[in-house]
Amino acid sequence: MHTPPHRSHGWNHDVVTPDWPALHVTEVHALLDRFPALRGGVRIDWHSPRPFSAAARVHTNGSDVFVKRHHGRVRTPQALREEHAFITHLNSHGLPVPTVLADADGHTAIASGEWTYEVHTLATGLDVYRNTASWTPPFSLEHAHSAGQMLAQLHVAAADFDAPMRSTTLLVAQDTLLRAPDLIAAIEARCAARPALAEALHMRDWRRQISALLPRHARLQPQLLHQSRLWTHGDWHVSNLFWQPVRKPARVSSILDFGLCAPTFALFDLATAIERNAIAWLQLEQGMHAIYPDIALQLIAGYVKVLPLSPRQRSLLAELLPLVHLDFALSEVEYFHAITRKSADVELAWSAFFLGHAAWFDSAPGLQLLDVIRAPALAPALA
């Protein structure tokens, strides 16, 4: 029987050849042999189309698990353990997060050759958005409302988690640039610490290109001084959530993919959720039809069921949206330049993502969405 080649999500609702080779039965068998309860024959049932790693649903010894493989330059065992500590904390506080499994030696992040592996129990519920690219709006207002409510519950559970900053800046949703008093100096400091990033930006007139961002960035600084540190998810999109199969209205049943998690602050995470879910970034040519104000309002309405927001916080939430992506977008520039070495993707990450997302909020659709978020009225109640 012919098996179609594994494909990955691309930038424009397309599918592309993955940057990383798909997991193979032989390597998965060798990995799971380190876990006594998972030893036995291995069958790979599904390969994830997510682009930054290789992952698969695997059946072995009567159990189904989720196996993920990262290149060691993207995630070291230490960097993975930081994610796992946060996941374990949330799990202990009753959040519906799959369990990270430890091997016979107690390791949850396993280095082998150039790779770093992790194994999780399966999420519970339905993977409704399995084949949906990130930055695709939710299928329903119910999903947006439940996602907002669960995000607030995560923030409550994370409140007593205390851990230092991530050991990596690569593909992590941090707020270092956002909080920096001087954005240009902060990028220069990042370049000094990350030679590959400096190389990627060297041929660009980046100081001039970011000048349009500086007024927004400066206005944010006084407001950010009072935002308490909180470990956050960093990539709150409905494709990173599983859903209860029967109950109405729809409810989140499991939370996935903590690869971008880091200590930021609560409104940073909520702004990221709105950016990820309420704007059809892959269809901006649709103008006003590319924004989903009702999705944004339902995310907020679900959130405030657990954690109320003052008018000042609503205003800050809107101010954050044009710049909330900065750290992650800059890390993508470095990733595509130094790790996958794809110049076209470097250009997209810089021009379309880092610069383009910020500039879009000065367009008519972007300004309208910000006005909706600032407005004190809540979203209409769901039936």
Visitor: Give the minimum heavy-atom separation between Gly40 and His29, together with the two atoms involved.
Guide: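 That would be O-CD2, 3.1 Å.
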
Visitor: Could you tell me whether the side chain of Ile110 reaches within less than 4.5 Å of the side chain of Thr116, counting heavy atoms only?
Guide: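 No - every pair of side-chain heavy atoms lies 4.5 Å or more apart.
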
Visitor: Should the pair Arg374-Glu319 be classified as a salt bridge under the 4.0 Å nitrogen-to-oxygen rule?
Guide: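 So Arg374 pairs with Glu319 through a salt bridge.
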
Visitor: Starting from the C-alpha separation in whole Å, work towards a yes-or-no answer on salt bridge (Lys or Arg N to Asp or Glu O under 4.0 Å) for Lys342 and Glu347.
Guide: CA-CA 9 Å; Lys342 291 190 171 182; Glu347 180 59 28; over 6 Å; no

Visitor: Can you name the nearest heavy-atom pair linking Leu307 to Ala152, along with the distance?
Guide: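 Minimum heavy-atom contact is CD1-O, 3.7 Å.
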
Visitor: Supply the atom-to-atom distance Leu183 CG to Ile187 CD1, rounded to the nearest 0.5 angstrom.
Guide: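 Between Leu183 CG and Ile187 CD1, I get 4.5 Å after rounding to 0.5 Å.
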
Visitor: Does Arg130 count as lying over the ring of Trp46, i.e. NZ or CZ under 6.0 Å from the six-ring centre, within 45 degrees of the axis?
Guide: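 Judged by the rule (NZ or CZ under 6.0 Å from the ring centre, within 45° of its axis), Arg130 counts as positioned above Trp46.
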
Visitor: Please report the closest heavy-atom contact between Ser140 and Ile295, naming both atoms and the distance.
Guide: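 Scanning both residues completely, I find the closest heavy atoms to be O-CD1, 3.9 Å.
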
Visitor: Has the side chain of Arg276 got a donor or acceptor atom that lies under 3.5 Å from a matching backbone atom of His237?
Guide: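 Checking the backbone N and O of His237 against the side chain of Arg276, no donor-acceptor pair under 3.5 Å is found.
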
Visitor: What distance do Ile300 atom CD1 and Gln313 atom CD have between them, rounded to the nearest 0.5 Å?
Guide: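 Result: 11.5 Å between the selected atoms.
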
Visitor: Tell me if a side-chain donor or acceptor on Thr272 pairs with a main-chain N or O of Phe268 at a distance below 3.5 Å.
Guide: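 Looks like yes, one N/O pair under 3.5 Å.
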
Visitor: Give a yes-or-no answer on whether the side chains of His357 and Glu275 include a donor-acceptor pair shorter than 3.5 Å.
Guide: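 Yes, side-chain donor-acceptor contact under 3.5 Å.
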
Visitor: Is it the case that one hydrophobic cluster holds both Leu282 and Leu355, taking links as side-chain heavy atoms less than 4.5 Å apart, direct or via other members?
Guide: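 Hydrophobic grouping puts Leu282 with Leu355.
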
Visitor: For Arg341 and Asp19, run salt bridge (Lys or Arg N to Asp or Glu O under 4.0 Å): C-alpha distance rounded to whole Å, both residues' side-chain angles, the deciding distance at 0.1 Å, then the answer.
Guide: CA-CA 10 Å; Arg341 299 187 180 279; Asp19 291 327; over 6 Å; no

Visitor: Kindly indicate whether the side chain of Tyr117, heavy atoms from C-beta on, has any atom under 4.5 Å from the side chain of Leu23.
Guide: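 Heavy-atom side-chain distance check passes, below 4.5 Å.
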
Visitor: Starting from the C-alpha separation in whole Å, work towards a yes-or-no answer on side-chain contact (heavy atoms from CB on, under 4.5 Å) for Phe328 and Leu171.
Guide: CA-CA 6 Å; Phe328 182 68; Leu171 302 183; 4.0 Å; yes

Visitor: Using only heavy-atom distances, determine whether the side chains of Glu27 and Trp115 contain a donor-acceptor pair under 3.5 Å.
Guide: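 No - no donor-acceptor pair under 3.5 Å links their side chains.
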
Visitor: Would Thr232 and Thr264 count as a side-chain hydrogen bond (donor to acceptor under 3.5 Å, both in side chains) here? Give the steps.
Guide: CA-CA 6 Å; Thr232 51; Thr264 59; 2.5 Å; yes

Visitor: Do Ile255 and Val119 belong to the same hydrophobic cluster, where Ile, Leu, Val, Met, Phe, Trp and Tyr are linked whenever their side-chain heavy atoms lie under 4.5 Å apart, directly or via other members?
Guide: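 Shared cluster, yes.
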
Visitor: Are Arg207 and Asp205 ion-paired here, with the side-chain N under 4.0 Å from a carboxylate O?
Guide: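 Salt bridge between Arg207 and Asp205, a charged N being under 4.0 Å from a carboxylate O: no.
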
Visitor: What distance do Cys261 atom SG and Trp231 atom CH2 have between them, rounded to the nearest 0.5 Å?
Guide: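 These two atoms lie 5.0 Å from each other.
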
Visitor: Applying the side-chain hydrogen bond (donor to acceptor under 3.5 Å, both in side chains) criterion to Arg166, which one of Gln174, Gln78, Glu83 satisfies it?
Guide: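 Among Gln174, Gln78, Glu83, the one meeting side-chain hydrogen bond (donor to acceptor under 3.5 Å, both in side chains) with Arg166 is Glu83.
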
Visitor: Taking atom types as modelled, find out whether His70 and Glu118 have a side-chain donor-acceptor pair closer than 3.5 angstrom.
Guide: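 The criterion, which ignores hydrogens and geometry beyond distance, is satisfied for Glu118 and His70.
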
Visitor: In plain terms, say whether Asp175 and Arg229 are close enough for a salt bridge, that is, a side-chain N and a carboxylate O under 4.0 Å apart.
Guide: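 Yes, charged N to carboxylate O under 4.0 Å.
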
Visitor: Starting from the C-alpha separation in whole Å, work towards a yes-or-no answer on ring pair (Phe, Tyr, Trp, His ring centres under 6.0 Å) for Trp360 and Trp281.
Guide: CA-CA 10 Å; Trp360 178 83; Trp281 291 108; 5.1 Å; yes

Visitor: Nearest 0.5 Å, what's the CG-CG distance between Leu317 and Leu370?
Guide: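 Between atom CG of Leu317 and atom CG of Leu370 there are 9.5 Å.
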
Visitor: Looking only at atom types and distance, does a side-chain atom of Arg216 sit under 3.5 Å from a main-chain N or O of Pro322, one as donor and one as acceptor?
Guide: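 No, because the side chain of Arg216 does not come within donor-acceptor range (under 3.5 Å) of the backbone of Pro322.
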
Visitor: Is the backbone N or O of His143 less than 3.5 Å from a side-chain atom of Ser146, with the two atoms forming a donor-acceptor pair by type?
Guide: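 No; judged by distance alone, with no hydrogens or angles, the pair does not exist.
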
Visitor: Between Leu299 and Ala144, what is the shortest heavy-atom contact and its length?
Guide: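 The answer is CD2-O, 3.4 Å.
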
Visitor: Just by distance, do the side chain of Asn61 and the backbone of Ser63 share a donor-acceptor pair under 3.5 Å?
Guide: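 Side chain of Asn61 to backbone of Ser63: no pair is present.
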
Visitor: Atom CG of Leu101 and atom OG1 of Thr99: how far apart are they, to the nearest 0.5 Å?
Guide: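 Between atom CG of Leu101 and atom OG1 of Thr99 there are 7.0 Å.
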
Visitor: Dump the intermediate steps for side-chain contact (heavy atoms from CB on, under 4.5 Å) on Val100 and Asn91, then the final yes or no.
Guide: CA-CA 10 Å; Val100 187; Asn91 206 324; over 6 Å; no

Visitor: So, the side chain of Arg204 versus the backbone of Ala200: is there a donor-acceptor pair under 3.5 Å, distance only?
Guide: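 Yes.
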
Visitor: Taking His325 for the side chain and Ala173 for the main chain, is one N or O donor matched with an acceptor at less than 3.5 Å?
Guide: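 No, because the side chain of His325 does not come within donor-acceptor range (under 3.5 Å) of the backbone of Ala173.
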
Visitor: Look at the side-chain heavy atoms of Ile, Leu, Val, Met, Phe, Trp and Tyr, link any pair under 4.5 Å apart, and say whether Val324 and Tyr292 land in one connected group.
Guide: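 Yes, same cluster.
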
Visitor: Is the ring pair Phe66/His120 parallel, tilted or perpendicular, if the boundaries are 30 and 60 degrees?
Guide: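 If you compare the ring of Phe66 with that of His120, the planes turn out perpendicular.
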
Visitor: Looking at Arg43 and Val58, would you say the former's side chain and the latter's main chain have a donor-acceptor pair under 3.5 Å?
Guide: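 Flag not set: sc Arg43 to bb Val58 has no pair under 3.5 Å.
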
Visitor: Under 3.5 Å, is there a donor-acceptor pair between the His59 and Asp64 side chains?
Guide: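 The answer is yes; a qualifying pair exists.
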
Visitor: Using the six-membered ring wherever Trp is involved, compare the ring planes of Trp236 and His233 and label them parallel, tilted or perpendicular (cut-offs 30° and 60°).
Guide: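 Judged by the thresholds at 30° and 60°, the geometry between Trp236 and His233 is perpendicular.
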
Visitor: Could you check whether any side-chain N or O of Thr132 sits under 3.5 Å from a backbone N or O of Ser239, counting only pairs where one atom can act as donor and the other as acceptor?
Guide: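 A pair under 3.5 Å: no.
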
Visitor: Got a salt bridge between Asp235 and Arg50, using NZ or NE/NH1/NH2 to carboxylate O under 4.0 Å?
Guide: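 No, Asp235 and Arg50 are not salt-bridged.
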
Visitor: Just by distance, with hydrogens left out, do His84 and Thr108 show a side-chain donor and acceptor under 3.5 Å apart?
Guide: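 Yes - a donor-acceptor pair under 3.5 Å links their side chains.
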
Visitor: Pairing donors with acceptors under 3.5 angstrom, does anything connect the side chains of Thr169 and Ser331?
Guide: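 Absent: no donor and acceptor within the cut-off.
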
Visitor: Between Trp135 and Phe353 (judged by ring centroids, cut-off 6.0 Å), do the two rings come close enough to count as a pair?
Guide: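 Ring centres of Phe353 and Trp135 closer than 6.0 Å.
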
Visitor: For Ser167 and Glu82: C-alpha separation, side-chain torsions, deciding distance, then whether side-chain contact (heavy atoms from CB on, under 4.5 Å) applies.
Guide: CA-CA 8 Å; Ser167 60; Glu82 294 157 2; 2.8 Å; yes

Visitor: Looking only at side chains, do Asp160 and His89 share a donor and an acceptor under 3.5 Å apart?
Guide: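 The answer is yes; a qualifying pair exists.
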
Visitor: Using a strict 4.0 Å threshold on nitrogen-to-oxygen distance, state whether Arg179 and Asp327 make a salt bridge.
Guide: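 A salt bridge is absent here (no side-chain N lies under 4.0 Å from a carboxylate O).
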
Visitor: Quick one: do Leu154 and Val172 end up in the same hydrophobic cluster if we chain Ile, Leu, Val, Met, Phe, Trp and Tyr together by side-chain heavy atoms under 4.5 Å apart?
Guide: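 No: no chain of side-chain contacts under 4.5 Å links Leu154 to Val172.
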
Visitor: Parallel, tilted or perpendicular: which fits the ring planes of Phe86 and Phe258, with parallel below 30° and perpendicular above 60°?
Guide: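 Aromatic pair Phe86/Phe258 classed perpendicular.
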
Visitor: Main chain of Ala109, side chain of His107: is a donor-acceptor contact present, judged purely on distance under 3.5 Å?
Guide: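 Here the side-chain-to-backbone pair does not exist.
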
Visitor: Linking I/L/V/M/F/W/Y whenever their side-chain heavy atoms sit closer than 4.5 Å, directly or via other members, would Val156 and Met150 fall into one cluster?
Guide: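 They do share one cluster, since a chain of ILVMFWY contacts under 4.5 Å joins Val156 to Met150.
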
Visitor: If I compare all heavy atoms of Pro98 with all of Ser254, which pair ends up nearest, and what's the gap?
Guide: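 Taking Pro98 first and Ser254 second, the nearest heavy atoms are CD-OG, 3.5 Å.
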
Visitor: Might you work through the side-chain contact (heavy atoms from CB on, under 4.5 Å) test for Leu224 and Gln227, ending with a clear yes or no?
Guide: CA-CA 5 Å; Leu224 298 183; Gln227 300 304 307; 4.2 Å; yes

Visitor: Does a salt bridge link Glu142 with Arg251, judged by any charged N lying under 4.0 Å from a carboxylate O?
Guide: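 No salt bridge links Glu142 with Arg251.
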
Visitor: Could you report the tightest heavy-atom contact between Arg75 and Leu170, atom names first, then the distance?
Guide: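 For Arg75 versus Leu170, the nearest heavy atoms are NH1-O, 2.8 Å.
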
Visitor: Taking the six-membered ring for Trp, are the ring centroids of Tyr129 and Phe242 within less than 6.0 Å of each other?
Guide: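 Ring centroids of Tyr129 and Phe242 are no less than 6.0 Å from each other.
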
